[in-house]
Number of protein chains: 2
Amino acid sequence: MSKANTKTKILEAAEQLFAEQGFNSTSLRQITNEANVNLASVNYHFGSKKSLIQAVLARYLEIFMPILKRELDKVAADKVSTEAIIQAFVPPLFELNKLGKQSAKHFTVMIGRGYSETQGHLRKYIVNEYGEVLTQIIELFSQALPKLTKQELFWRLHFSLGALVFVMSSSGALEEIAMSDFFEQASTKTIVQKVVPYVAAGLTNQQGFLPNQFTTDQIGGSL
Amino acid sequence: MSKANTKTKILEAAEQLFAEQGFNSTSLRQITNEANVNLASVNYHFGSKKSLIQAVLARYLEIFMPILKRELDKVAADKVSTEAIIQAFVPPLFELNKLGKQSAKHFTVMIGRGYSETQGHLRKYIVNEYGEVLTQIIELFSQALPKLTKQELFWRLHFSLGALVFVMSSSGALEEIAMSDFFEQASTKTIVQKVVPYVAAGLTNQQGFLPNQFTTDQIGGSL
DNA sequence: ATAAATTTTAAACGGTTGTTTGAAATTTTG
DNA sequence: CAAAATTTCAAACAACCGTTTAAAATTTAT
């Protein structure tokens with residue numbers, strides 16, 4: 001974070017602060033102080049804070065998406081299984097750590113923040129730029145899980161994304177709470193290792209959409 | 001939201017805005033405008049914004065926690081199973097909708113925001129006030145899933161919380177994105193119905209901690 | 001009804017936000 | 001080397017933030 005040019009120094013400082021504190025809670029003054037550059041240089045190089053947010057994410061996606069596509073193509077050519085599709089996300093994710101020590105985690109957290117903070121422009125950017133890959137993901141999972149409706153698959157994929165993103169975003173908090181007496185340091189690798197079998201089980205579960213268990217009555221009855 | 005007293009009007013407006021926008025991104029002026037009360041009345045009735053955040057959450061927890069405890073006691077007295085423990089959370093959650101049409105969702109979202117926004121005071125408050133119930137939850141799950149270590153259980157419980165919270169927080173976003181052509185309106189009831197079998201599968205999964213699948217090598221190899 | 005306590009109100013406080021400006025410094029080009 | 005284009009910089013902008021103040025309005029108690 002030293003002899004790089006101004007634009008890169010801003011991107012690197014913004015990456016860390018956006019992931020740690022969120023987009024809205026991070027000020028341009030925090031970023032420029034951390035990056036040791038002048039405040040006005042953000043607007044000079046990126047135009048606005050909103051454009052900076054987009055640029056930080058674009059920097060990840062340009063690395064992540066091509067590798068993901070390559071891995072997905074490999075899965076499609078070989079044998080399509082839920083586990084194989086999930087594993088296809090691992091290499092592109094860890095490739096991001098070449099940008100910075102924690103970039104894989106920062107990327108995951110920022111994707112999550114793009115959902116929960118109202119950053120509609122981010123979603124539009126991703127869909128416009130990488131809609132094809134997103135479609136391919138759905139296609140492959142549909143193929144691996146032919147018994148699931150598109151709606152059911154949609155739900156489960158977002159539960160899976162949530163499981164990963166939530167723990168990545170709160171790894172700081174999780175270390176503080178009472179239960180964490182039994183909680184070793186949460187490296188990105190550890191989290192991924194733990195979440196893969198968890199989401200695989202949730203995605204492939206055969207009992208969820210059968211009407212004989214967890215019926216509407218049971219849940220509706222507690223209203 | 002009309003003839004209630006000032007304190008309640010503030011709590012109701014804050015509930016909605018905190019859930020929609022987060023704690024940091026919601027200003028006291030937004031809250032008091034929405035509630036049609038004077039700006040200074042927040043500090044008069046609650047002392048500070050931080051105390052208001054705590055008061056909004058306390059209003060939920062005072063309803064949620066006793067009912068949860070009652071349900072957990074029922075499970076403990078009868079037959080302890082993962083599914084039964086999960087179902088124990090449903091009645092207290094939907095009881096919150098007596099406070100407001102969307103309060104169950106707002107509560108869930110705010111619990112999530114308490115993790116990802118750095119609101120350490122919230123976690124301390126919850127642990128201090130309801131630590132016993134939290135301990136009981138862990139105890140029951142340990143009983144239902146005796147093969148899991150405490151660490152493994154801890155991970156899976158937070159993945160489960162994440163799956164629920166993420167989808168609740170982003171239900172607005174999820175309706176916008178491309179995949180959502182196949183996406184009906186996401187009521188709180190629908191989300192809970194969908195998430196219960198998902199997390200049940202993830203929690204009870206027997207393959208996750210076995211070393212013959214998804215090994216460290218597979219994941220570490222992609223670093 | 002009068003006094004006391006509580007609540008509401010408009011205004012202002014110092015501090016921070018994203019953005020703009022125009023001059024100074026630097027780098028690139030001819 | 002000089003001219004031109006690019007980048008950096010300190011300073012200021014209006015808008016917004018949480019909080020405080022003290023007077024006005026209202027409710028409660030005597």
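Proteins come first, then strands; the chains are lettered A, B, ... in the order of their sequence lines, and each starts at number 1. For clarity, every value in this text was computed on a predicted model and none was experimentally measured.
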(message) Nearest to the Ser48(A) side chain among dT19(C), dA10(D), dT9(C), which nucleotide is it?
(response) dT19(C)
(request) Using whole Å, report how far NZ of Lys49(A) lies from C1' of dT17(C). (result) 8 Å
(message) By nearest heavy atom, map Ser25(A) and Ala40(A) onto DNA chain C; which one lands nearer the 5' end?
(response) Ser25(A)
(message) Classify the ring geometry of Phe159(B) against Tyr198(A): parallel below 30°, tilted from 30° to 60°, perpendicular beyond 60°.
(response) tilted
(request) May I have the distance from Arg29(B) (atom CZ) to dA11(C) (atom P), rounded to whole angstrom? (result) 14 Å
(message) Whether Lys69(B) and Glu132(B) form a salt bridge (side-chain N of Lys/Arg under 4.0 Å from carboxylate O of Asp/Glu) is what I want to check.
(response) no
(request) For the pair Glu12(B) and Lys9(B), find out whether any cationic side-chain nitrogen is under 4.0 Å from an anionic carboxylate oxygen. (result) no
(request) Round to the nearest Å and state the distance from Gln30(B) atom CD to dC17(D) atom P. (result) 7 Å
(message) Expressed as a whole number of angstroms, how long is the span from Leu28(A):CG to dC16(D):P?
(response) 17 Å
Indicate every side-chain donor-acceptor pair of residues 45-57 of chain B with a distance under 3.5 Å to a residue at least two apart or in another chain.
residue	atom	partner	partner atom	Å
Ser48(B)	OG	Ser51(B)	N	3.2
Ser48(B)	OG	Ser51(B)	OG	3.1
Lys49(B)	NZ	Phe23(B)	O	3.0
Lys49(B)	NZ	Thr26(B)	O	2.7
Gln54(B)	OE1	His121(B)	ND1	3.3

(request) Could you pull out all residues at least two apart from Glu62(A) that satisfy salt bridge (charged side-chain N to carboxylate O under 4.0 Å, His left out)? (result) none
(request) Using atom CG of Asn33(A) as one end and atom P of dC9(D) as the other, report the distance to the nearest whole Å. (result) 12 Å
Using a cutoff of under 3.5 Å, can you pull out all pairs of nitrogen or oxygen atoms linking the protein to nucleotides 6-8 of chain C, with atom names and distances?
residue	atom	partner	partner atom	Å
dT7(C)	OP2	Tyr44(B)	OH	3.0
dT8(C)	OP1	Thr6(B)	OG1	2.3
dT8(C)	OP2	His45(B)	NE2	2.7

(request) Using whole Å, report how far CG of Asn43(A) lies from P of dC9(D). (result) 15 Å
(message) Taking the side chain as everything from C-beta on, heavy atoms only, tell me whether Glu15(B) gets closer than 4.5 Å to Ser103(B).
(response) yes
(message) Output the rounded distance in Å from CD1 (Ile10(A)) to P (dT19(C)).
(response) 13 Å
(request) Tell me what Ser51(B) touches on the nucleic acid: a base, only sugar-phosphate, or nothing, going by heavy atoms under 4.0 Å. (result) nothing
(message) Do Lys150(B) and Ile138(B) make a side-chain contact, defined as non-hydrogen atoms from C-beta onward lying under 4.5 Å apart?
(response) yes
(request) Take atom CG of Asn36(A) and atom P of dT7(D), then tell me their distance rounded to the nearest Å. (result) 20 Å
(request) Identify whether any heavy atom of Thr26(A) sits under 4.0 Å from a base atom; if not, whether one sits that close to sugar-phosphate; answer base, sugar-phosphate or nothing. (result) sugar-phosphate
